[in-house]
Amino acid sequence: MRSTLAKKPPVLKDPNPCIPAVSSAVSVSHCPNKGRGLVATRDIKPGEVLGVERAFAVALRQDCLFRNCSTCTQVCVNILPCPGCSKVVFCSKSCRVKGLSEDHWLECKILSSVLAHGLDTKACSYKLLKTWSFRQMKSICNKLKRDRPTLPEKLGFDKSGKYSSSSFQAIYHLDQDLETFPFEEVISLCMDAFRLAKLVELSKRFFVDKLGKPVPVSKEDFLYTCKILVNNYAKFIQNSFGTARQEVMELFPAKSLINHSCYPAISTNLFGRDSFWYAVKPIAAGEELTVSYIPDFSIQPKQQRKRDLVTVQNIVCSCQACEENWPIFVHLPVIRCLCVNCKKPRSNAEMLCNKCSKRLRGKLDILKVLELNSISEKVRSAFGILGRMQNKVAQGEPISKQEFKHLCGASEVVFEYSAMPSKVLAVFMKLVDVCAETGLM
């Protein structure tokens, strides 16, 4: 996941009425082994925008507070400091109004102490409290606990059947499996939550009555707040595609449902507080939408990916790239053509089908082994487009939206007549990704 070079996020042309942040081509499903995930409801083409979402909450590390807007996270050009604490900045008057009334509302009076105690990486835990008081938060949590749906794929949906990115209900039902955390880390987190809860109490904005006036805090309410902060931090860590080492942490309710694969079907980009994701290869109806939480199979070997996934997300990946132990890019075959007899990949060396062992012409040029002239012409044209796009990217030349459409069409053709793993298909996926970064969606 990267910050995009685009000037603004793309427009989601056909949003799902039940999940406004994603395309109508996407729905939520549940797998016993992986939990909830997003799947395609129809065939999806490369380059198709599948989601545009605004973060429910954001948190900045201390070294970013004087550089990035506390509301939208964009790097500030004209800095507007907070009039209350002068510890954070905003990029515009509108962001300052929103920040002071929501994102920065609770922490304004206590941020100096939060930073002094080195708790900036834990700030995400109270960011999810928004502007609610303890009484409101406890009432909301108790209600959501009672109304928990029986079907796991319906978690986070309200009574009207909508999964909203601005609703705490979606946040409440995100995974927060603290059992996967090392015991020492849980103890440390509890201690930090205790300190944060005390600072939140000192803010005199959380423990208040109906009129907003501070009230004494009972031991039970204080410990309940500590529990909320621990759970909130776990949600942020397990659902924000990263760790507390990131400069900017953002939590997206819909995006958090995307599961991992070392051979991802989609890629994601950031534009400030907004995130968008798109297909980098053809996705068949019923196929899961996956993204790589770490550098994918073409960059890192299996053993390194395995270590990183366990460390960062406590995941044991069973994707095709891991199961078949695909090599990194430099060791990939150029292309693996599909057998016209059984549609299975052929041996790259002798042009033998791995399944039916039908010999096909021997060692000839890749384009000449395709028996049908119509198929050969399609692939030849696709390779021409690939070459032109590679040259443009290498030379830093701009690519038009029309050229991007041609690239996506060429990618679809080559995926139809060849199979992974191959350098050609990996390059197509990377080029679609590079073009998306520049705002060509």
Side-chain angles (χ1 to χ4, degrees), residues 1-2 4 9-55 152-157 163-165 170 173-175 238-242 250-270 274-298 309 313 315 317-323 408 411-412 415 420 425-426 428-430 432-433 435-437 441:
M1 181 174 61
R2 296 168 300 283
T4 182
V11 176
L12 189 61
K13 297 180 180 179
D14 186 21
N16 188 317
C18 296
I19 320 172
V22 304
S23 165
S24 61
V26 178
S27 67
V28 178
S29 69
H30 181 267
C31 175
N33 297 328
K34 300 176 69 174
R36 288 181 297 168
L38 299 180
V39 297
T41 58
R42 59 167 172 79
D43 292 346
I44 296 172
K45 297 182 178 182
E48 187 172 339
V49 178
L50 300 174
V52 179
E53 185 177 23
R54 192 162 183 80
E153 60 267 27
K154 292 300 180 181
L155 290 171
F157 286 80
Y163 188 93
S164 174
S165 299
H173 289 294
L174 291 179
D175 291 336
Q238 292 187 312
N239 296 281
S240 62
F241 292 88
E250 300 174 295
L251 187 56
F252 301 89
K255 182 180 176 180
S256 65
L257 299 178
I258 305 173
N259 287 319
H260 165 81
S261 172
C262 298
Y263 171 41
I266 66 174
S267 186
T268 72
N269 265 298
L270 291 173
D274 296 306
S275 178
F276 60 95
W277 53 95
Y278 45 89
V280 292
K281 71 181 188 70
I283 304 174
E287 183 179 346
E288 185 179 15
L289 273 60
T290 55
V291 68
S292 187
Y293 297 170
I294 58 173
D296 63 36
F297 82 92
S298 67
L309 283 171
Q313 293 284 350
I315 292 174
C317 185
S318 58
C319 70
Q320 186 180 0
C322 288
E323 290 294 299
C408 293
S411 173
E412 192 174 10
F415 265 96
M420 269 296 212
L425 295 184
F428 264 115
M429 292 173 66
K430 181 56 64 177
V432 171
D433 203 10
C435 290
E437 289 183 51
M441 308 305 291

Asker: Does Glu323 have any side chain to side chain contact (heavy atoms under 4.5 Å, CB included) partners at least two apart in sequence or in another chain, and if so, which?
Answerer: Ser318

Asker: Evaluate side-chain contact (heavy atoms from CB on, under 4.5 Å) for Phe415 paired with Met429, printing each intermediate quantity in order.
Answerer: CA-CA 10 Å; Phe415 265 96; Met429 292 173 66; 3.9 Å; yes

Asker: Mind checking ring pair (Phe, Tyr, Trp, His ring centres under 6.0 Å) for His173 and listing every partner two or more places apart, or none if nothing turns up?
Answerer: none

Asker: Side chains of Asp433 and Tyr278, heavy atoms from C-beta outward: is any pair under 4.5 Å?
Answerer: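 Yes, side chains in contact.
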
Asker: Going by salt bridge (Lys or Arg N to Asp or Glu O under 4.0 Å), name the pairs with one or both residues in residues 276-286, residues two or more places apart or in two chains.
Answerer: Lys281-Glu287

Asker: Would Phe252 and Thr268 count as a side-chain contact (heavy atoms from CB on, under 4.5 Å) here? Give the steps.
Answerer: CA-CA 12 Å; Phe252 301 89; Thr268 72; over 6 Å; no

Asker: Quick check against the 3.5 Å criterion: does His260 have a side-chain atom that pairs as donor or acceptor with the backbone of Tyr293?
Answerer: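 Yes; at least one donor-acceptor contact below 3.5 Å.
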
Asker: Decide yes or no for Val291 and Ser267: does some side-chain heavy atom of the first lie under 4.5 Å from some side-chain heavy atom of the second?
Answerer: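 They are not in side-chain contact.
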
Asker: Among Lys255, Arg54, Glu250, Glu53, which residue meets the side chain to side chain donor-acceptor pair (under 3.5 Å) test with Ser275?
Answerer: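 When side chain to side chain donor-acceptor pair (under 3.5 Å) is applied between Ser275 and each of Lys255, Arg54, Glu250, Glu53, only Lys255 qualifies.
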
Asker: For Phe157, which residues count as a ring pair (Phe, Tyr, Trp, His ring centres under 6.0 Å) partner, sequence neighbours excluded?
Answerer: Tyr163

Asker: Do Leu38 and Ile266 touch side chain to side chain, with heavy atoms closer than 4.5 Å?
Answerer: no

Asker: Working to the nearest 0.5 angstrom, can you tell me the gap between Lys430 NZ and Ser298 OG?
Answerer: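 If we round to the nearest 0.5 Å, Lys430:NZ and Ser298:OG are 6.5 Å apart.
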
Asker: Evaluate the side-chain contact (heavy atoms from CB on, under 4.5 Å) criterion for residues Leu50 and Ile283: first the C-alpha distance (whole Å), next the side-chain angles of each, then the deciding distance (0.1 Å), finally the verdict.
Answerer: CA-CA 11 Å; Leu50 300 174; Ile283 304 174; 4.3 Å; yes

Asker: Report yes if the side chains of Leu174 and Arg36 come closer than 4.5 Å at any heavy-atom pair, otherwise no.
Answerer: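 Result yes, sub-4.5 Å side-chain heavy-atom pair found.
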
Asker: Of the options Ser261, Cys319, Pro264, which is the one that meets Asp296 in a side chain to side chain contact (heavy atoms under 4.5 Å, CB included)?
Answerer: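 For Asp296, the side chain to side chain contact (heavy atoms under 4.5 Å, CB included) check succeeds only for Pro264.
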
Asker: Could you tabulate the donor-acceptor pairs under 3.5 Å formed by side-chain atoms of residues 10-31, not counting sequence neighbours?
Answerer:
from  : atom 1 : to    : atom 2 : distance (Å)
Asp14 : OD2    : Ser24 : OG     : 2.4
Asn16 : OD1    : Cys18 : N      : 2.8
Asn16 : OD1    : Ile19 : N      : 3.4
Asn16 : ND2    : Val26 : O      : 2.8
Ser23 : OG     : Ala25 : N      : 3.0
Ser24 : OG     : Asp14 : O      : 3.4

Asker: Any donor-acceptor pair under 3.5 Å linking the side-chain atoms of Asn269 with those of Glu437?
Answerer: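 No pair is found: no donor N or O on one side chain lies under 3.5 Å from an acceptor on the other.
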
Asker: How far does CZ of Phe297 sit from SG of Cys262, to the nearest 0.5 angstrom?
Answerer: 9.5 Å

Asker: Rounded to the nearest 0.5 Å, how far apart are CD of Glu48 and CG of Asp43?
Answerer: 10.0 Å

Asker: Should Pro46 and Pro282 count as side-chain neighbours, where that means a heavy-atom distance under 4.5 Å?
Answerer: yes

Asker: Quick check for you: to the nearest 0.5 Å, what is the distance between Gln238 atom CD and Leu251 atom CG?
Answerer: 11.5 Å

Asker: Sub-3.5 Å donor-acceptor pair from the side chain of Asp274 to the main-chain atoms of Val52, do we have one?
Answerer: no

Asker: For Ala426, give me all partners under side chain to side chain contact (heavy atoms under 4.5 Å, CB included), at least two apart in sequence or on another chain.
Answerer: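 Once residues adjacent in sequence are excluded, the partners of Ala426 under the side chain to side chain contact (heavy atoms under 4.5 Å, CB included) criterion are Phe329, Leu332, Met420.
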
